[in-house]
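Indexing begins at 1, ligand by ligand and atom by atom, following the structure's order. Computed over heavy atoms, backbone and side chain alike; hydrogens, waters and symmetry mates excluded.
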Amino acid sequence: MTDKYSGPERIFSGVQPTGALHLGNYLGALKKFVALQHDYECLYCIVDLHAITVWQEPAKLKSQTREIAAAYLAAGVDPDVAIIYPQSLVREHMELAWYFNCVARTGWVNRMTQFKDKAGKNAENVSVGLYAYPVLQAADILLYKATHVPVGEDQKQHLELSRDIAQKFNNDFSVPNFFPLPEPLIKGPGARVMSLRDGTSKMSKSDPSDNSRINLTDSAEVIVKKFKKAKTDMGVMPGPGEDLSDRPEVDNLIGIYAALSGETRQTVIARFEGQGFGAFKPALADLAVDKLSPMTSLMNRYLADPDEIDRILMRGADRARALATPIMDEIRSTIGFLGS
Ligand code: AMP
Ligand code: TRP
């Protein structure tokens, strides 16, 4: 008996098909997906079961699922290498989520800040699924015994819950190291992209102001306009070592530039030190257009052939199921179900 998980390293992540993706999704998640795919076995899921924790129009759910697939592909995820698939097509996600509902403690789930944010004052009237959402997320990851999870900063707490569930399952059933304790891969300047209108709230699909975010479907003109309108302050671009804690919007734009160009923040700061935003913003907009426009046109090309997207997703689901099946058999037998 070793004291460490000794299975293969495996990557799992997911994105909800709940609307157009934005720059935060790209820098926090998609860009990392592409970077990891040749070094690890990777599963990139479109988490439609998570999406339905809040109401989704059925026809829209289908088209949005294909849109996320197109975004994965356009960002550079190779479906012959990484596995991309819709969560609902591998039913074991739901099965394991139930078992984990019986492992996770309500006290743990009650602490989830994302639920509190989403439910707000309306907690009595949101779905049970929204409450159990992070337990399903743990099931997604552990169904494949994934060891690493590339996500944005906002998912840190959900990952901690996944680790707690894995640990408790291993302890309760006396199967040490059966599940790995999955590690988040969060680091990097794109881990928390903030709103262009308010540097203290994160860039989000649900922000009512479209000017708060750069959507992956925005045209070059719209991207330029949004950066031009982005909130800044009366100052100029900072110098090295300057404390930006009271200049969150400026901090955010520098982080976006660094994440897009692949440079460090220090390099970006050194280049623009003392310049006005009238110089920095167009440079940032040009960079964003350079990186995003080819992706947008590729995305549209993929979306023009939905049957091909569906074929890719079905094939991905078959590959995912093949990985999940033996693990699920072990789990059922560990819990003590007859016939397993
Ligand atoms: P979601 O759209 O909520 O399913 O998020 C998909 C992925 O994008 C997750 O890994 C999130 O952590 C990441 N993400 C969402 N918003 C941001 C943001 N503003 N900055 C960085 N990453 C983000
Ligand atoms: N909750 C994640 C989000 O909103 C999406 C997600 C679902 C996920 N299951 C996952 C992310 C498993 C990583 C791993 O962004």
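- Looking at Ala191 against ligand 1, only its backbone comes within 4.0 Å, counting heavy atoms.
- Gln137 and Tyr133 share no donor-acceptor pair across their side chains, judged by distance under 3.5 Å alone.
- In the vicinity of Gln155, heavy-atom distances shorter than 4.0 Å reach the ligand 1 atoms 12 (O).
- Using cut-offs of 30° and 60° for the angle between ring planes, the Phe179 and Phe100 rings count as perpendicular.
- The shortest contact between atom 23 (C) of ligand 1 and any protein heavy atom is with Gly24 O, 3.4 Å.
- Considering backbone and side-chain N/O of Gln16, one or more are found under 3.5 Å from N/O of ligand 1.
- Taking the ring axis of Phe178 as reference, the NZ or CZ atom of Lys145 stays within 45° of it and closer than 6.0 Å to the ring centre.
- In terms of protein heavy atoms, atom 9 (N) of ligand 2 is closest to Asp140 OD2, 2.7 Å.
- Here the heavy atom of the protein found nearest to atom 2 (O) of ligand 1 is Lys205 NZ, 2.7 Å.
- Residue contacts with ligand 1, taken as heavy atom pairs separated by less than 4.0 Å, involve His22 solely via side-chain atoms from C-beta onward.
- For atom 15 (O) of ligand 2, the closest non-hydrogen atom of the protein is Gln155 NE2, 3.4 Å.
- Note: Phe280 and Phe272 have perpendicular aromatic rings, judged against thresholds of 30 and 60 degrees for the angle between ring planes.
- In terms of protein heavy-atom proximity, atom 12 (O) of ligand 1 is closest to Asp154 OD1, 2.5 Å.
- Of all protein heavy atoms, the one lying nearest to atom 15 (C) of ligand 1 is Asn25 ND2, 3.2 Å.
- Ranking the protein heavy atoms by distance from atom 9 (C) of ligand 1 puts Gly152 N, 4.1 Å first.
- Residues Ser245 and Asp243 have side chains that bring a donor and an acceptor to within less than 3.5 angstrom of each other.
- Close N/O approach between Tyr133 and ligand 2 is found [any backbone or side-chain N/O within under 3.5 Å].
- Aromatic rings from Tyr99 and Phe173 are positioned such that their centres are separated by 6.0 Å or more.
- If you look at Asp154 next to ligand 2, there are no close heavy atoms at all, none under 4.0 Å.
- Gln137 NE2, 3.5 Å is the protein heavy atom nearest to atom 8 (C) of ligand 2.
- Set against the non-hydrogen atoms of Gly190, the atoms of ligand 1 under 4.0 Å away are 21 (C).
- Atom 19 (N) of ligand 1 has Val193 O, 2.7 Å as its closest protein atom, hydrogens excluded (heavy atom only).
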